[in-house]
S.K.: 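Handing you this structure, nothing more for now.
The figures that follow rest on heavy atoms only: side chains count, while hydrogens, waters and symmetry mates do not. The structure presented is a predicted model; accordingly, all values stated were derived computationally and were not measured.
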Amino acid sequence: MLDLAARSGLDKSTASRMLRFLVERQYLVRSPDTQRYDVGPVFLSLAASAMKQSQLNVVAHRHLESLRDETGETACLHLRVGTERICMYGVESAQDIRSAITPSERRPLYQGASGKAILAFLAEDAIRPVLRQARGAGVDVPALARELEGVRRQNASCEVSSRVPGLAALAVPVFGAQGVVASITISGPVARWGLKRMRSFAGVAAEASRAISLALGGAIPRGSPETARQ
């Protein structure tokens, strides 16, 4: 709160009232552990509605459909919002057994291939609070840091049964003019979408990521289109 008051030029009492107002209406949430503020469910709902008409969603739509059709698996777009990623849009596999899409689902960036494909390419000052959250959740942060190095080298994250047993996911970052903004993820059951098959489609995913990023005014860092093994 003191930082907000200093940055905005507001006095402390005014800043406190504004924050209390936003928390009460669920635009913001406050962590009971760190006392830090983060975006709340109402803000995310508004963001999800805006995203339906955003340039990112429009550009990503046909690429996600193409990835779904080529791989036979579910393809999703996840947007970075603070220290989290939120499922904004996706197209589900036509298979009877498939990875289901949960619109507006929120997860911390340190969880799953979708989040790590974003986290690995953030600036250091943006990565630090995520690592603090991960440490507080009992995550092996040194191991996570090593994993992120691999994601940077490969420009992709590949995971099997890391968050949901029996589910595998390949994720690649999407860049805007100011850096990484989202990730696109292809997910499916391990029996059908295992490491070997994911790696065979890594180049296709990388091309989709590159096309979306260039349309947004961003660029993919140099690196291999192959995925990093978990």
S.K.: If we count only N and O atoms by modelled type, under 3.5 Å, do the side chains of S162 and E159 hold a donor and an acceptor together?
M.R.: yes
S.K.: Rounded to the nearest 0.5 Å, how far does CG of L144 lie from CG of D140?
M.R.: 8.5 Å
S.K.: With a 4.5 Å cut-off on side-chain heavy atoms, are I184 and S209 touching?
M.R.: yes
S.K.: Tell me the closest heavy-atom pair linking I118 and H78, and the distance in Å.
M.R.: CD1-O, 4.0 Å
S.K.: First locate atom CD of E73, then atom OG1 of T185, and finally report the distance between them rounded to the nearest 0.5 Å.
M.R.: 13.0 Å
S.K.: Fit a plane to each ring of F175 and F121, take the angle between them on a 0 to 90° scale, and name the class: parallel (under 30°), tilted (30 to 60°) or perpendicular (over 60°).
M.R.: perpendicular
S.K.: Main chain of T71, side chain of W193: is a donor-acceptor contact present, judged purely on distance under 3.5 Å?
M.R.: no
S.K.: Do side-chain atoms of E92 reach the backbone of I101 as a donor and acceptor pair under 3.5 angstrom?
M.R.: yes
S.K.: Just grab all the ring-ring contact (aromatic ring centres under 6.0 Å, His included) pairs involving residues 80-107, residues at least two apart or on different chains.
M.R.: H61-Y89
S.K.: Between G90 and L64, what is the shortest heavy-atom contact and its length?
M.R.: CA-CD1, 4.5 Å
S.K.: What is the minimum heavy-atom distance between L79 and V181, and which atoms define it?
M.R.: CD1-O, 3.4 Å
S.K.: Are the charged groups of E149 and R146 less than 4.0 angstrom apart, N to O?
M.R.: no
S.K.: What is the distance from atom CG of L170 to atom OG of S114, rounded to the nearest 0.5 Å?
M.R.: 9.5 Å
S.K.: For side-chain contact (heavy atoms from CB on, under 4.5 Å), just list the numbers for L109 and L122, CA-CA rounded to whole Å, side-chain angles, deciding distance to a tenth of an Å, and then say yes or no.
M.R.: CA-CA 11 Å; L109 290 176; L122 291 176; 3.8 Å; yes
S.K.: Once side-chain contact (heavy atoms from CB on, under 4.5 Å) is applied, do any residues pair with Q95, and if so which ones, sequence neighbours excluded?
M.R.: S93, R192
S.K.: Give, for atom CD1 of I86 and atom OG1 of T102, the distance between the pair rounded to the nearest 0.5 Å.
M.R.: 11.5 Å
S.K.: Just by distance, do the side chain of S183 and the backbone of V172 share a donor-acceptor pair under 3.5 Å?
M.R.: no
S.K.: Keeping S213 on the side-chain end and R210 on the backbone end, is there a donor-acceptor pair under 3.5 Å?
M.R.: no
S.K.: Can you check whether G82's main-chain N or O pairs, donor with acceptor, with R80's side chain at less than 3.5 Å?
M.R.: yes
S.K.: According to a hydrophobic-cluster definition based on side-chain heavy atoms being under 4.5 Å apart (Ile, Leu, Val, Met, Phe, Trp, Tyr only), do L167 and L195 belong together?
M.R.: no
S.K.: To the closest 0.5 Å, what do you measure between CD (Q111) and CD (E84)?
M.R.: 9.5 Å
S.K.: Identify the two heavy atoms, one from T74 and one from S99, that lie closest to each other, and give their separation to 0.1 Å.
M.R.: OG1-O, 2.7 Å
S.K.: Is a donor on one side and an acceptor on the other found under 3.5 Å between the side chain of R68 and the backbone of A75?
M.R.: no
S.K.: Would you say CZ of R163 has more than 12 non-hydrogen atoms from neighbouring residues, nucleotides or ligands within 6.0 angstrom?
M.R.: yes
S.K.: Locate the shortest heavy-atom distance separating A117 from V151; write the atom from each residue and the value.
M.R.: CA-CG1, 4.2 Å
S.K.: To the nearest 0.5 angstrom, please state how far the CG atom of L131 sits from the OH atom of Y110.
M.R.: 10.5 Å
S.K.: Which atoms form the tightest heavy-atom contact between C158 and M198, and what is the distance?
M.R.: SG-CE, 3.2 Å
